[in-house]
Protein chains: 2
Amino acid sequence: MSVDDAEALPERTRRRRTPKPHAAGVKAVAAAAGVSLGTVSNVLNRPEVVSPLTRAKVEAAMASLGFVRNESARQLRAGSSRILAYLMLDAGNPFFTDVAKGVEEAAQAAGLSVFLCTSSEDADREAAYLDLLEQQRVQGILITPIDQNSSRLRKLPSRGTPVVVVDRALDEGEHCSVAVNDVLGGELAISHLLELGHERIAYVGGPNTIGQVVDRREGARRALETAGRPAADLIELTTGALTVAEGRGAGQRLAGLPADRRPTAAFCANDLLALGLLQQCVSLGLRVPEDLAIVGYDDIEFAEAAAVPLTSVRQPRQLLGRTAAELLLDESSNPDHEHQRVTFTPELVVRTSTRGTL
Amino acid sequence: MSVDDAEALPERTRRRRTPKPHAAGVKAVAAAAGVSLGTVSNVLNRPEVVSPLTRAKVEAAMASLGFVRNESARQLRAGSSRILAYLMLDAGNPFFTDVAKGVEEAAQAAGLSVFLCTSSEDADREAAYLDLLEQQRVQGILITPIDQNSSRLRKLPSRGTPVVVVDRALDEGEHCSVAVNDVLGGELAISHLLELGHERIAYVGGPNTIGQVVDRREGARRALETAGRPAADLIELTTGALTVAEGRGAGQRLAGLPADRRPTAAFCANDLLALGLLQQCVSLGLRVPEDLAIVGYDDIEFAEAAAVPLTSVRQPRQLLGRTAAELLLDESSNPDHEHQRVTFTPELVVRTSTRGTL
DNA sequence: GAACGCTGTTGAAACCTTTCATAGCCTTCC
DNA sequence: GGAAGGCTATGAAAGGTTTCAACAGCGTTC
């Protein structure tokens, strides 16, 4: 080798910057245990094929090195994730956390874990989470969508990520859905109010981009028509979200009306709205149900404990979640899976807020 | 399974499943766009270094192939995750979802996403989630722990996953913590009750493995002692969890006592317990606050809307979450990060459940 | 017209794990 | 005594992305 060559190829210590300096990998464990790489992997994934002695050595090495399996690498190679995500509309609404509980129940039974995400009724966040979850290659996505016609949502299944829509019944699509008949729920609520003799009935809900809001209103209208009255008689108070705060705002508006034009009953698109409405109206001096009867929707745990126990439309919350998760699991494991649309029937629970104290 | 799930018989409609997934990777995109692999990666990660023309070609190819970046591979190579997790005690408790809201706010501002997990007050689930999250190599973990001495928790930071403890103040450890002074909160509650002249005061809470439960009780005892009474005067009703249902159970027990031995006031470890207790006691004929005054803890949104508006100890929920997330972000990006212990001060909000209608 | 700098692009290595065909060793059985 | 077969352990390949040194063009400067 000439001097020139030495000049041309200077000796260099190339140190690649390793991102996680401290991580001990399978390789290190194998070395420490005096076995091969594959054996370590076997201990991890098929412990029964490894002899007890070897297994003990490997496990000891893992413990002493503080080995933590790199799930990214596992997933990259093995192709499958052990995670299932539930993208919910609003984590602050106990209805959805109850659904989530059902999801976790089913997932746990199948050995999977659940990540919860919340779109907070914001379409952009929903979209961002969908992208993220797809990139993460989760096993599947459960979603209570804001925009059920989103093309993103439609495309997911064809690209390999199963989707189950929760609390919405989608027409023909490429996913399963689990829902409650919200139109019927709306009818139940309004029929009840009509039976009690109410004439001026308000519907409180919004925004109208949310399917549940629209369906429940539709049910309300139908009930009016069934009773021989025009659907347009329904007094609509549109809210910006389904929250207690918005309910209070609606209460403010409602209580501000002159008594002869004010509705005598209000049906709210969910219990949060109803609770806010109730609270505001009571604090402004309206009597419930004498001046204003209120019907909520979901029958969350707090509905019964409210200032005036709330009449509400009950849905099988946990069952909804459990069923959805089960459909998702079937879709991702059963090659003969058929998409299903499961619809539960809601039920009216009558309490003081409409019936008064008998 | 909860009561509401009793016997719901859904309708099911079945449909044939649409076929198969398919995955297009960077390689396929490169081929389709007639560029090299590295260029596609540049479009993804450093679009500004790619010429507009090339970029357009690549983007077109991505769109037409339905390319979805494989996050596992990205993370494996790049070493960093864009995700942050909040492992909470109970998703059904609005307190924690409010904290979560604060977390998301801060995370979003930093361009990160949040996955929510729930341990449901189960130490095994907590442990399982911690393992999972560590394996996923999330950017960091926010946790409201069940067992704050868990060795798992202690070891995480040294292995490269930053941890911030939320709603608990850990002694000097290897993580930051953000908490509210729960001992003070307990004192506030009991002093208030003592000022109102109550003698027989109950503390409702449990299990005693939960730090918050213990601290709040400790505060209660101190307040008694400060008032010159033995701490042992505190009547303890231990519950199995911090839920509405457990609160009802405690109410049952309490209402069953003969009036001359029954406490005249109850301080509950959180609002869910208080609401359950309130509901049960009222339905069993006790008047609140005349027969039994009730103080809750957290001042969740539903406390004010309860049958009898609830006196409660308020905590800065969202701020708690936001601060915690900010500490975590600092820890994972700032090399000079120093662990901190942030403690907020709670505040008593007096309402009808103790003061009566004035 | 040679050297230089700049811009955009390239190709191969590296990340860490799982998979799988194969090899080595022991028993068992003809 | 040798073939067959059962256990275990092995080593190399594969999986999709990012990274980075090197390179190709091309215009500029001296």
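Chain A is the first sequence line, chain B the second, and so forth, proteins listed ahead of strands; every chain is numbered from 1.
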Task: Distance below 4.0 Å between A/S36 side-chain N/O and D/dG11 OP1 or OP2 - done: no

TODO: Can you see which heavy atom on A/D167 is nearest to which on A/F96, and at what distance?
DONE: OD2-CE2, 4.4 Å

TODO: Using a 4.0 Å heavy-atom cut-off across all strands, classify B/T54 as base, sugar-phosphate, or nothing.
DONE: sugar-phosphate

TODO: Nearest 0.5 Å please: distance from the CD1 atom of B/I146 over to the OG atom of B/S119.
DONE: 4.0 Å

- [ ] May I ask you to say what A/S51 touches in the nucleic acid, namely base, sugar-phosphate or nothing, with a heavy-atom cut-off under 4.0 Å?
- [x] sugar-phosphate

TODO: Round to a whole Å and report the spacing from NZ of B/K27 to P of C/dT10.
DONE: 16 Å

- [ ] Round to a whole Å and report the spacing from CG of A/N45 to C1' of C/dT19.
- [x] 10 Å

Open item on the list: Using only modelled atom types and a 3.5 angstrom limit, is any donor from either the side chain of A/R77 or the base of C/dT17 paired with an acceptor on the other?
Closed with: no

Task: Earlier contact from the 5' end, DNA chain D, for A/L37 and A/E48 - done: A/E48

Task: d(CG, A/N70; P, D/dG15) in whole Å - done: 18 Å

TODO: Name the nucleic acid region contacted by B/G38, choosing base, sugar-phosphate or nothing; use a 4.0 angstrom heavy-atom cut-off, strictly under.
DONE: base

Open item on the list: Between B/R74 and B/S80, do the side chains contain a donor N or O and an acceptor N or O under 3.5 Å apart?
Closed with: yes

- [ ] Could you pick out which residue, B/A73 or B/N42, lies toward the 5' side of DNA chain C when each is mapped onto its nearest nucleotide?
- [x] B/N42

TODO: For A/Q75 and C/dT19, give me the distance from atom CD to atom P, rounded to whole Å.
DONE: 13 Å

Open item on the list: Expressed as a whole number of angstroms, how long is the span from B/Q136:CD to C/dC15:P?
Closed with: 21 Å

TODO: Could you check how far CG of B/L53 sits from P of C/dT7, rounded to whole Å?
DONE: 18 Å

TODO: Return no unless some side-chain N or O of B/R46 is found under 4.0 Å from OP1 or OP2 of D/dT18.
DONE: no

TODO: State which of D/dT8, C/dC16, D/dT19 makes the closest approach to the side chain of A/V26.
DONE: C/dC16

TODO: Round to the nearest Å and state the distance from A/L76 atom CG to C/dA14 atom C1'.
DONE: 12 Å

- [ ] Mind calculating the distance between CD (B/E71) and C1' (D/dT17) to the nearest angstrom?
- [x] 10 Å

Task: From C/dG8, D/dG16, C/dT18, nucleotide with atom closest to A/A78 side chain - done: C/dT18

Open item on the list: Do B/Y129 and B/T118 pair up side chain to side chain, a donor and an acceptor below 3.5 Å, judged on atom types alone?
Closed with: no

Open item on the list: Under 4.0 Å, heavy atoms only, any strand: does B/V40 hit a base, just the sugar-phosphate, or nothing?
Closed with: nothing

- [ ] Would you indicate which nucleotide in D/dG11, D/dT19, D/dT18 comes nearest to any side-chain atom of B/R69?
- [x] D/dT18

Task: Main-chain N/O of A/L112 paired to A/Q139 side chain as donor or acceptor, under 3.5 Å - done: no

